[in-house]
Amino acid sequence: ASGAGSARAILVCIDDAVAATRIAQLVRAQFPQAQLLVRAWDREHARELQNSGVDFQIRETFESAMLFGRQALQTLGVDAIAAREVSEDIRRRDSERFALEVASGSGQAGKERLYRNTGGDRLEPAPLLEPGPATPGPSRSE
């Protein structure tokens, strides 16, 4: 009745990873002509969807986190070009890591692509950008 038999694309956008995966499996089996686009709950769910043959998946909070981080850098005085470069580097590293995870079937693959503190039990700051001169931001009265 919905026309799914002749649909070019079917989108699954619900807040239940188990149900989204089940719907994706049913859609893939019943409507193979349709491109299947599914919103993933998290990274593990995205791998599961990728391995189950969806045509496109996107992690629910990834894109907003990327935009939010970029804006945070700019708010802290990082120029727009440098903030974009940091964002693109993180996106590239994440994409490479995700491909390794899917290929290996393990969420542990590609961990070397993460930016992280590696000082054992002690955290050691590792900025993405070299600290530069402070840029004054707007005052509260502005």
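All of these numbers come straight from a predicted model, not from anything done at the bench.
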Minimum-distance pair of heavy atoms, taken over all atoms of [X] and [Y]:
X	Y	result
Asp55	Ala34	OD2-O, 3.9 Å
Gln57	Ala40	OE1-CB, 4.1 Å
Ala20	Ile14	N-CD1, 3.6 Å

Do [X] side-chain atoms and [Y] backbone N/O form a donor-acceptor pair below 3.5 Å?
X	Y	result
Gln33	Ala7	yes
Arg28	Ser52	no
Ser87	Ala83	no

Identified side-chain contact (heavy atoms from CB on, under 4.5 Å) partner of Val54 from the options Leu36, Thr21, Val27, Val12: Leu36
side-chain contact (heavy atoms from CB on, under 4.5 Å) partner of Arg39, the single match among Leu11, Leu49, Asp15: Asp15
Applying a strict under-4.5 Å side-chain criterion to I, L, V, M, F, W and Y, I'd like to know whether Met66 and Val78 cluster together. yes
For the [atom1] atom of [X] and the [atom2] atom of [Y], what is their distance to the nearest 0.5 Å?
X	Y	atom1	atom2	value
Ile23	Asp16	CD1	CG	8.0 Å
Asp89	Asp94	CG	CG	11.0 Å
Leu73	Phe68	CG	CZ	11.5 Å
Arg97	Ile90	CZ	CD1	12.5 Å

A side-chain contact here means heavy atoms from C-beta on lying under 4.5 Å apart; do Gln71 and Thr75 qualify? yes
Exactly one candidate in Arg84, Arg92, Arg91 meets salt bridge (charged side-chain N to carboxylate O under 4.0 Å, His left out) with Glu88; the answer is Arg84
